[in-house]
Asker: 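The structure follows.
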Amino acid sequence: MTTTTIIGLVAACLTTFAFLPQTIQVIKTKQTKDISLNMYIALTIGVVLWLIYGILLSEIPIIIANGITLVFSVVILSLKLKYK
């Protein structure tokens with residue numbers, strides 16, 4: 001594994017798992033009034049595009065990070081719509 005790949009994986013882990021506390025908080029409290037719907041729609045679309053980009057380039061760090069981030073983002077977005 002190259003240094004570049006390691007840096008990419010570490011960056012992917014940090015940015016991806018930054019969403020975990022928010023996801024857990026929303027699941028626990030069911031409170032989403034302070035979360036911007038437009039921001040999460042834009043974020044989810046952006047993450048899907050990053051995932052497609054990573055797949056097209058066969059870049060594992062991009063694929064893994066955005067695949068996991070997509071799950072977190074969709075959970076939060078879904079709960080935002082549900083508890084609106």
Side-chain angles (χ1 to χ4, degrees):
M1 191 175 301
T2 67
T3 301
T4 304
T5 301
I6 293 169
I7 290 170
L9 288 169
V10 170
C13 287
L14 292 172
T15 57
T16 296
F17 290 106
F19 285 92
L20 187 57
Q22 182 71 64
T23 305
I24 291 169
Q25 183 74 10
V26 169
I27 290 169
K28 279 182 168 179
T29 66
K30 298 177 179 37
Q31 297 294 318
T32 61
K33 69 180 176 89
D34 294 327
I35 294 174
S36 169
L37 177 61
N38 290 333
M39 181 267 191
Y40 266 91
I41 290 170
L43 176 71
T44 302
I45 292 168
V47 169
V48 167
L49 293 174
W50 271 112
L51 181 58
I52 292 168
Y53 178 73
I55 291 168
L56 292 172
L57 294 178
S58 299
E59 289 290 338
I60 297 301
I62 296 172
I63 295 168
I64 292 171
N66 288 286
I68 295 169
T69 302
L70 183 59
V71 171
F72 293 153
S73 181
V74 167
V75 167
I76 293 171
L77 183 58
S78 298
L79 293 174
K80 173 66 177 173
L81 293 171
K82 181 177 180 177
Y83 299 123
K84 193 171 173 183

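None of these values were measured; they are calculated from a predicted model.
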Asker: Once side chain to side chain donor-acceptor pair (under 3.5 Å) is applied, what residue pairs with a partner in residues 29-42 remain, sequence neighbours excluded?
Answerer: none
Asker: Could you list the residues that satisfy side chain to side chain donor-acceptor pair (under 3.5 Å) with T3, not counting sequence neighbours?
Answerer: none
Asker: Taking only residues two or more places apart in sequence or in another chain, which ones pass side chain to side chain donor-acceptor pair (under 3.5 Å) with S73?
Answerer: T44
Asker: Taking side chain to side chain contact (heavy atoms under 4.5 Å, CB included) as the definition, give me every residue that meets it alongside T2, ordered by chain and number, with sequence neighbours left out.
Answerer: T4, T5
Asker: Would a hydrophobic clustering, with Ile, Leu, Val, Met, Phe, Trp and Tyr connected at side-chain separations under 4.5 Å, put L70 with I76?
Answerer: yes
Asker: Drop me the distance from I52's CD1 to I63's CD1, to the nearest 0.5 angstrom.
Answerer: 11.5 Å
Asker: Please, which pairs that meet side chain to side chain donor-acceptor pair (under 3.5 Å) have at least one residue in residues 52-67, sequence neighbours excluded?
Answerer: none
Asker: Are V75 and L51 co-members of a hydrophobic cluster defined by side-chain heavy atoms under 4.5 Å apart?
Answerer: yes
Asker: Donor-acceptor pairs under 3.5 Å, side chain of residues 9-28 to any protein atom, not counting sequence neighbours: which ones?
Answerer:
residue: T15; atom: OG1; partner: A11; partner atom: O; Å: 2.9
residue: T15; atom: OG1; partner: A12; partner atom: O; Å: 3.4
residue: T16; atom: OG1; partner: A12; partner atom: O; Å: 2.6
residue: T16; atom: OG1; partner: A65; partner atom: O; Å: 3.2
residue: T16; atom: OG1; partner: T69; partner atom: OG1; Å: 3.2
residue: T23; atom: OG1; partner: F19; partner atom: O; Å: 2.9

Asker: Following the transitive rule for hydrophobic clusters with a side-chain heavy-atom cut-off under 4.5 Å over Ile, Leu, Val, Met, Phe, Trp and Tyr, establish whether I60 and I7 coincide in one cluster.
Answerer: no
Asker: Nearest 0.5 angstrom please: L81 CG to L37 CG, how far?
Answerer: 5.5 Å
Asker: Would you kindly confirm whether L57 and I64 end up in one hydrophobic cluster when ILVMFWY residues are joined by side chain heavy atoms under 4.5 Å apart?
Answerer: no
Asker: Side-chain heavy atoms under 4.5 angstrom apart, residues restricted to Ile, Leu, Val, Met, Phe, Trp, Tyr: same cluster for I6 and I62?
Answerer: no
